[in-house]
Amino acid sequence: MKLIPSLIGGEDVGGARTAPVLNPHDGSEIARLSLANAGVAERAFAAARAAQAAWAATPAVKRGEILFKACAAIEERAEELSRIVAEEAGKPLKDARGETGGAVQCGRFFAGEGQRLFGRTMPSNTVNKYAMTIRQPCGVAVLITAANTPAPNFAWKVFPALICGNAVVLKPAEDTPISADWMARVLIEAGVPAGVLNVVQGLGAEIGPSLVEHDGADVVSFTGSTRVGREIAAKAGAKLKKVSLELGGKNAFVVCDDADLDKAAKWASLSAFSNAGQRCAAGSRFIVFDAVYDAFVDRFVAAAKAQKLGIGEDCDFGPVINERQLTNMLGAIERATAAGARVLTGGRRVGGALAKGFYLEPTIIEGAKAEDHLSVHELFGPIAALYRAKNYAEALQLANDSPYGLTACIHTRSIDRAWNFVRAVETGVAVVNAGTFGSEPHMPFGGRKASGNGSREPGTEALDVYSDLKDIYLVIDPP
Ligand code: NAD
């Protein structure tokens, strides 16, 4: 059985215990994860600290050249990475291939930033005095990622952290450690100095807090649940560490009475079910005008019933990441129906040939109240809840009635409604006539309220997370 160790200073470092890595498609064990303990974490910080200064002293353009090489190497071996992701995350290979492409695109964007890592020059209020800002690395960046799209999740954080001149201590999600191990090795082979990129493998609850609290961590960037994000913010806050939090969502998808209903149902289905609903930006609250409610719901339910589950090339989506998450989802559905909601389609674990995997049927539920558990909590699975709205004002009010504020979309033919919505909805991303998800590597992504702490990654805004600005004043005596 393949053992996945931590990777520190380019060396494999094992922990005292191991845990199984399962293929969510059939529950089979595909590797064992060597679980890092505090000693392993110490070694990672020591390696990162020792290597960081030389990396920071390497011109950013040169750092970019190395990262371009790394992207070319990933692209050349894209099929290998895609197969790893498909297996460890349990998804169709075509989806994994798309994600590998996304990771490379993100890597190239940040490699190019090595040529543009600019500060600003500004006028001074004093004669012969010059004022400017420069970017400097934070130092050691602790990066903690989620399991849903493991290759892009790696790229979103590692590439901007590296181009800014930081050394990295990465802790990938324990469900998808193999792709992170693979990508880190490819980056090191491409020329990233070994101590600059360290991977600490282990269980989040066990090893995560000690990484966040470590005095050697200068910046912490986390993608994951709001619950863990709050813990990290508290720990990092106590030590006044810089922290970037990309957290959960409970994203609204609004269907107006003037929408193209076929198109809306297609996008609704993609928003709710693609990647088994495991997207922070997935649509989960579908707010539909009374006037088109039945016509839209007929189409949406038909689209849900047409979803093909599995990992074949003709499949729409695979399992959720683990048994625990599946159990949570089934519990939430049961709780919703006990409170009076109705399941229109789905709602059960998939049996038959997929019984061993962590599969949930595409599920659509109506009749939950806005304050019910189902409406308020992120489930991170293929579960859509429907709500009725009398008019635009009520739809907007419902869309904003959420503890989260990550993404939202509206389907309408009215430019007035569309423009009002994108400005008034309390989210970090707003979309017209498409899905709730869809982020491009050059665009800043992030949310409001419980979806984050105001930071944005990727895009050039990620450079603000991974670098510190320094004000420089230069005073001259003219000859
Ligand atoms: P999670 O919070 O359970 O785990 C995320 C990461 O944190 C993992 O690496 C895990 O090992 C680690 N972790 C767990 N407990 C920790 C602790 N106490 N201290 C430090 N690290 C700890 O989330 P998940 O279930 O793996 O991922 C799903 C969540 O991620 C959803 O809420 C989803 O919305 C969110 N997400 C957000 C974005 C975004 O950009 N906003 C993108 C993808 C996923």
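First listed ligand is number 1; within each ligand, the first listed atom is number 1. Computed from heavy atoms alone, side chains included, the values below leave out hydrogens, waters and symmetry copies.
Compare E213, Q278, E378 by their heavy atoms: the one nearest to atom 34 (O) of ligand 1 is in E378. The closest non-hydrogen atom to atom 3 (O) of ligand 1, taken over S225, A205, A180, comes from S225. Nearest residue to atom 5 (C) of ligand 1 from V228, T226, I144, T223 is T223 (criterion: closest heavy atom). For the residues S439, G208, G249, the heavy atom positioned nearest atom 20 (C) of ligand 1 is part of G208. Among G447, A147, P209, G452, the residue whose heavy atom lies nearest to atom 19 (N) of ligand 1 is P209. Of the candidates P458, S210, G428, C280, the one placing a heavy atom closest to atom 37 (C) of ligand 1 is C280.
Counting heavy-atom neighbours within 6.0 Å of R116 CZ, excluding the residue itself, gives a total above 12.
Checked by distance only, ligand 1 and T145 come closer than 3.5 Å through their nitrogen or oxygen atoms. Residue L247 has at least one nitrogen or oxygen atom sitting less than 3.5 Å from a nitrogen or oxygen atom of ligand 1, judged on distance alone. Below 3.5 Å of separation, one finds an N or O of K171 facing an N or O of ligand 1. For ligand 1, one of its N or O atoms has an N or O atom of E174 under 3.5 Å away.
Scanning the protein heavy atoms around atom 27 (O) of ligand 1, the nearest turns out to be A146 CB, 3.5 Å. Distance from atom 7 (O) of ligand 1 to its nearest protein heavy atom, with residue and atom name: F222 CE1, 3.1 Å. In terms of protein heavy-atom proximity, atom 43 (C) of ligand 1 is closest to N148 ND2, 3.3 Å. Nearest to atom 14 (C) of ligand 1 among the protein's heavy atoms is G204 CA, 3.6 Å. Atom 35 (C) of ligand 1 has as its closest protein heavy atom G224 O, 3.2 Å. Summary of contacts: the protein heavy atom closest to atom 28 (C) of ligand 1 is F380 CE2, 3.4 Å.
Using a 4.0 Å heavy-atom cutoff, Q325 is listed among the residues neighbouring ligand 1. Between A281 and ligand 1 there is no heavy-atom distance shorter than 4.0 Å.
One finds no salt bridge joining E313 and K308 here, because no Lys/Arg side-chain nitrogen approaches an Asp/Glu carboxylate oxygen to under 4.0 Å. The existence of a salt bridge linking E361 and R348 is confirmed by a sub-4.0 Å separation between a basic side-chain nitrogen and an acidic carboxylate oxygen.
Using a 4.0 Å cut-off between heavy atoms, P172 contacts ligand 1 through its backbone alone, with no side-chain atom that close. When non-hydrogen atoms are compared, ligand 1 lies under 4.0 Å from the side chain of E231 (C-beta onward) but not from its backbone.
Which parts of ligand 1 touch E246 is read off a 4.0 Å heavy-atom cut-off, strictly below it: atoms 37 (C), 38 (C), 39 (C), 40 (O), 41 (N). Those atoms of ligand 1 with a heavy atom of A173 less than 4.0 angstrom away are 8 (C), 9 (O). Near I232, meaning under 4.0 Å from one of its heavy atoms, ligand 1 places the atoms 20 (C). Of all atoms in ligand 1, listed by their number and element, those nearer than 4.0 Å to a heavy atom of F445 are 39 (C), 40 (O), 41 (N).
Note on ring orientation: taking the six-membered ring where Trp is involved, the planes of F296 and F300 are tilted (angle from 30° to 60°).
Aromatic ring centres of W267 and F253: separated by at least 6.0 Å.
For N153 and N148, the side-chain atoms include at least one donor-acceptor pair closer than 3.5 Å.
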Given the rule in the side chain to side chain donor-acceptor pair (under 3.5 Å) test, do S244 and E457 qualify, once you have shown the distances and angles that lead to the verdict?
CA-CA 9 Å; S244 169; E457 299 179 51; 2.6 Å; yes

Using the rule given for side chain to side chain donor-acceptor pair (under 3.5 Å), can you reason through K263 versus N433, listing the C-alpha separation, both sets of side-chain angles and the distance that settles it, and then say yes or no?
CA-CA 8 Å; K263 206 159 110 183; N433 291 336; 5.7 Å; no

Would K157 and T223 count as a side chain to side chain donor-acceptor pair (under 3.5 Å) here? Give the steps.
CA-CA 9 Å; K157 295 198 187 299; T223 296; 2.8 Å; yes

Check against side chain to side chain donor-acceptor pair (under 3.5 Å), S179 and E88
CA-CA 8 Å; S179 55; E88 69 178 358; 2.5 Å; yes

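The structure places CD of E426 at 13.5 Å from CG of L406, a figure rounded to the nearest 0.5 Å.
K242 contributes a side-chain N or O that, together with a main-chain N or O of V465, makes up a donor-acceptor pair within less than 3.5 Å. Checked by atom type and distance alone, the side chain of R17 never pairs as donor or acceptor with a backbone atom of S34 at under 3.5 Å.
P150 and E99 get closest at one heavy-atom pair: CD-OE1, 4.2 Å.
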